[in-house]
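We count residues from 1, following the sequence as given. When a ligand or atom number is given, it counts from 1 through the structure's own listing order.
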Amino acid sequence: MSSPDRNKVDILDRSVAYLKGIGPAKANLLAEELNIHSLGDLLHAYPFRYVDRTKFHRIIDIIPNEGAVQIKGKLKALNVKGAGRAMRLVGRIRDDSGASLELVWFRGINVLQNMFVVGEEYIVYGPVQEFNSRLSITHPEMELARQAPTEVATFEPVYSSTEKLNRRGLDPRGRRKLIRALFLELKQADLPEIIPAYLMQELRLMARGPALRAIHLPGNQAELDGARRRLKFEELFLLQMRLLQLKVVREEQVAGYSFGSIGSIFNEFFQTKLPFELTGAQKRVLKEIRADLGRGIQMNRLLQGDVGSGKTMVGLMSMLMALDNGFQACMMAPTEILAYQHYESITEYVEGMDITVAFLSGSIKGKARKAILERLLAGEIDILLGTHALIEPWVEFKNLGLAIIDEQHRFGVKQRAKLWVKNKPYPPHVLLMTATPIPRTLAMTAYGDLDVSVIDELPPGRTPIQTVHFTEHRRQRVFGRIREEIAKGRQAYIVYPLIEENEKLDLLALEEAYDEMRDKFPPPEYQISIVHGKMKPSVKDAEMQRFKNKETHIMMATTVIEVGVNVPNATIMVIVHTERFGLSQLHQLRGRVGRGAEESYCILLSSVKLSKESKERIKTMVDTTDGFKIAEADLRLRGPGMIDGTQQSGLLQMRIADLANDGRILSVARDRAKDILETDPRLEKPEHQTLKIHLDRYMKGITGWGRIS
Ligand code: ADP
Ligand code: MG
C-alpha cells in the first residue's frame with residue numbers, strides 16, 4: 001500500500017531556507033523571532049487578520065481610537081521634526097474627502113525619509129489616534145498604491161511580525177511573498193486529507209489543501225469562512241482524538257482495585273452520621289464516583305465544584321467506600337491550615353465510628369511522625385489527612401486505595417505522578433478536587449483525558465452575597481459598614497493585592513494600611529490580625545487561628561487567604577485595589593464570606609479611573625456569584641492561556657481555534673472523536689489510516705504534551 005517515496009523527507013519538514021528569497025540569515029531570524037523553522041511551521045502560522053484591499057475609510061469620517069483603518073491618499077508633506085529623543089518623521093496624507101491626517105515615525109527615520117515620495121499615492125493602514133485635535137497614525141503600514149497587488153487582492157493576510165523582521169524585509173508584505181512562494185512549491189499530495197471521508201461529507205468541510213491555501217490567500221469572504229471552520233475543526237478534532245486515545249490506552253493498561261461493595265461503614269455513616277441531606281449534585285457525583293471505583297480500572301476523576309458546594313463531604317464519603325473494601329484513603333490540601341481544617345471536620349463527622357483518622361504534615365516531626373508512619377504501614381490508620389508531605393517517599397501505606405487531592409491546581413503534575421507509585425500492584429484511585437470553575441470548553445481540553453464531575457448546586461440555606469462597587473474616596477463609608485458588622489458580633493476581611501514584582505511596595509502599602517486601620521479601629525475595642533505571604537508559616541497559621549477563634553475582629557491579608565479557609569462568622573469582605581485582581585481570584589476571595597446563614601457583603605474598592613477590562617471584571621462580580629459564569633467571562637476577557645488551574649496543561653496554545661468562542665465546534669469534534677474511538681479504538685480500519693499517521697506526527701509538535709501523558 002505504501003506510496004513510492006517521492007522524497008524521503010516530507011517537504012514540510014524542510015527548512016524555510018529552501019524557499020527562494022530566503023537565505024540562512026532570514027531563516028535564522030524567522031526561527032528566533034517567530035519560532036518558524038520548517039515549511040510546515042510557515043504553513044501553519046496563520047494570518048491573524050485580513051485587510052480588505054478594496055475598501056477604504058474616508059479621512060473625514062474617521063473616529064479616533066476605534067481601531068485600525070485603511071486609507072488611500074496622496075502624501076502631501078514629509079519632514080523631520082524635533083531633536084534628540086523627540087526627533088520624528090512626520091508626514092501628511094490627504095484623501096479625496098479633502099481631509100488630511102498625520103503619519104508619525106520615531107524609528108528608521110533616515111531610511112523612511114528616502115523611501116517615501118511626496119506627491120505619490122499610498123495605501124496606509126494603522127490605528128488612528130487624536131493628539132491636540134489632530135488625527136494621526138504612528139508607524140503605519142505603507143504601500144505605494146500603484147504597486148498594490150492587483151490579482152486576488154481582495155483579502156490580504158496580515159501576519160504577526162516584529163520590529164526586527166520588519167527591518168529585514170519580512171514585514172507583512174514580505175511574508176505574503178513567502179507564502180506565495182511556498183504554495184508554488186507545494187503539490188496537492190503534500191497536503192493530504194486526514195479527516196475521514198465520511199466525516200468530511202457529513203460536516204461539509206472544505207478539503208485540507210484548499211483550506212490551507214485559502215486561510216493564507218482567500219479569494220473572498222465565503223472561502224475564508226469555510227477555511228476557518230475546516231481548520232478549527234481539524235485542530236480541535238485532532239486534539240480530542242489524542243486526548244481520548246490516551247484515556248483508552250490508560251484504561252487498557254492501568255488496572256485498578258475494584259471496590260465492589262458498599263458496605264457497613266458507608267451505610268452506617270449515611271444513616272446515622274450524615275448531618276444534613278446531600279444536595280442532588282452531591283448525590284449524582286457520588287454515584288459517578290462509585291461507578292468508577294467499581295470498574296476495576298484506576299479512576300482519574302476531576303471533581304469541580306464552586307467554593308462552598310460541599311466537596312469535602314463527597315471526598316469523605318468516597319473515602320468510606322475505600323474503607324468498606326478494606327483499603328486506606330488519604331486526602332491532601334495545599335496548606336497546613338487547610339489540611340488541618342479537613343482533619344478537624346472529618347474527625348468530627350466520623351466521631352463514634354470505628355474509623356481511625358490521622359494528620360500528617362511537614363511540621364509533625366520526630367517521635368510523633370514516627371508513630372504515625374508505623375501505624376500507617378501497619379494499617380492501623382484508615383484515613384490520613386495532610387499536606388503535600390503525604391506524597392513524600394517516606395510516607396508508606398499498607399494498602400492505599402484512594403487518594404484525594406483538594407485544590408488540585410496547586411499541585412504540580414509531577415507531584416500527582418508520585419501518587420501513582422504509592423501502592424502495589426495497582427496505583428490508588430485518584431480524585432482531584434478543584435474550586436476553580438473551568439469553562440466546559442477548557443475542561444474538555446486541559447483535562448480532556450480525565451473524567452470530570454461537576455457539583456453545580458450549593459447547599460440550601462445560603463443567603464447570597466451582596467456585592468457592591470465603591471471608588472476609593474468613599475472608604476470612610478466602607479469603614480462604617482465594617483463597624484456595623486462588628487457591632488453585630490461578626491468579623492471582617494480586608495484583602496490587599498500583592499504582586500510578586502511589586503512585593504516590597506505592596507508590603508509597604510499593607511503596613512501603611514495597617515497603621516490607618518489601627519487608627520480607625522483602635523484597640524482594645526478592636527483587634528486586628530494581619531497575614532501575608534512573607535510571614536513564617538507558623539506565625540501566619542497562628543494569626544489565622546486567632547481570627548478563627550474570634551479573638552480578632554478584622555483580618556487584613558494579602559491573597560494568602562484565598563484558598564478554602566472556613567470562618568463562617570466573617571460576613572464582610574472588602575477588597576482593596578480590586579482592579580489589580582483577576583476575576584477568578586476575586587471569585588475565590590469572595591467565597592470566604594457567605595459561609596454561614598447570615599447575610600454577607602463583599603465590597604469592591606477601586607480607583608476612579610478604570611480600564612475597560614477592569615470595569616468589565618467588576619461588573620461581572622457585582623452581577624453574579626455563579627463561578628461558571630465568572631469563569632466564562634474570564635475566558636472571554638483574558639483568553640484561555642491565563643485561566644487559573646489550566647496553565648500547566650500547555651494544550652491551550654491553539655493555532656486557530658479559540659476556546660472562548662468555538663465551543664460548538666469543540667463539542668462536535670469531541671463527540672466525533674469519541675464515536676471513532678468507540679468503534680475503532682486502535683484506529684485499525686482502513687478509513688482511519690491517514691488520521692492515525694497524522695495524529696502521531698502532529699502531537700510531537702505540541703508543547704507540553706509529554707507532561708500530560
Ligand atoms: P468546598 O466545596 O468549598 O470544599 P465544603 O466542603 O467546605 O465546600 O463545604 C462548605 C460547607 O457546606 C461546610 O460547612 C459543609 O458542612 C456544608 N455542607 C456541605 N454539604 C452540605 C449539604 N448537602 N447541606 C448543607 N450543608 C452542607
Ligand atoms: Mg474545600
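- Protein residues having at least one heavy atom under 4.0 Å from any atom of ligand 1 are F276, E277, L278, T279, Q282, D306, V307, G308, S309, G310, K311, T312, Y349, P459, R462, R595, listed by chain and number.
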Hey, mind stepping through I289 and M317 against side-chain contact (heavy atoms from CB on, under 4.5 Å) and telling me if it holds? CA-CA 10 Å; I289 292 171; M317 291 177 77; over 6 Å; no
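- When atom types are taken as modelled, the side chain of Q527 and the backbone of H553 share no donor-acceptor pair closer than 3.5 angstrom.
- Applying the salt bridge (Lys or Arg N to Asp or Glu O under 4.0 Å) test to pairs two or more places apart or on separate chains, those with a residue in residues 368-378 are K370-E374.
- Using a 30° and 60° split on the angle between ring planes, F547 and Y493 fall in the tilted class, from 30° to 60°.
- By the 30° and 60° cut-offs, the orientation of the rings of F270 relative to F266 is parallel.
- Look at E485 and R481 and you find a salt bridge, because one of the NZ, NE, NH1 or NH2 atoms lies within 4.0 Å of a carboxylate O, short of that distance.
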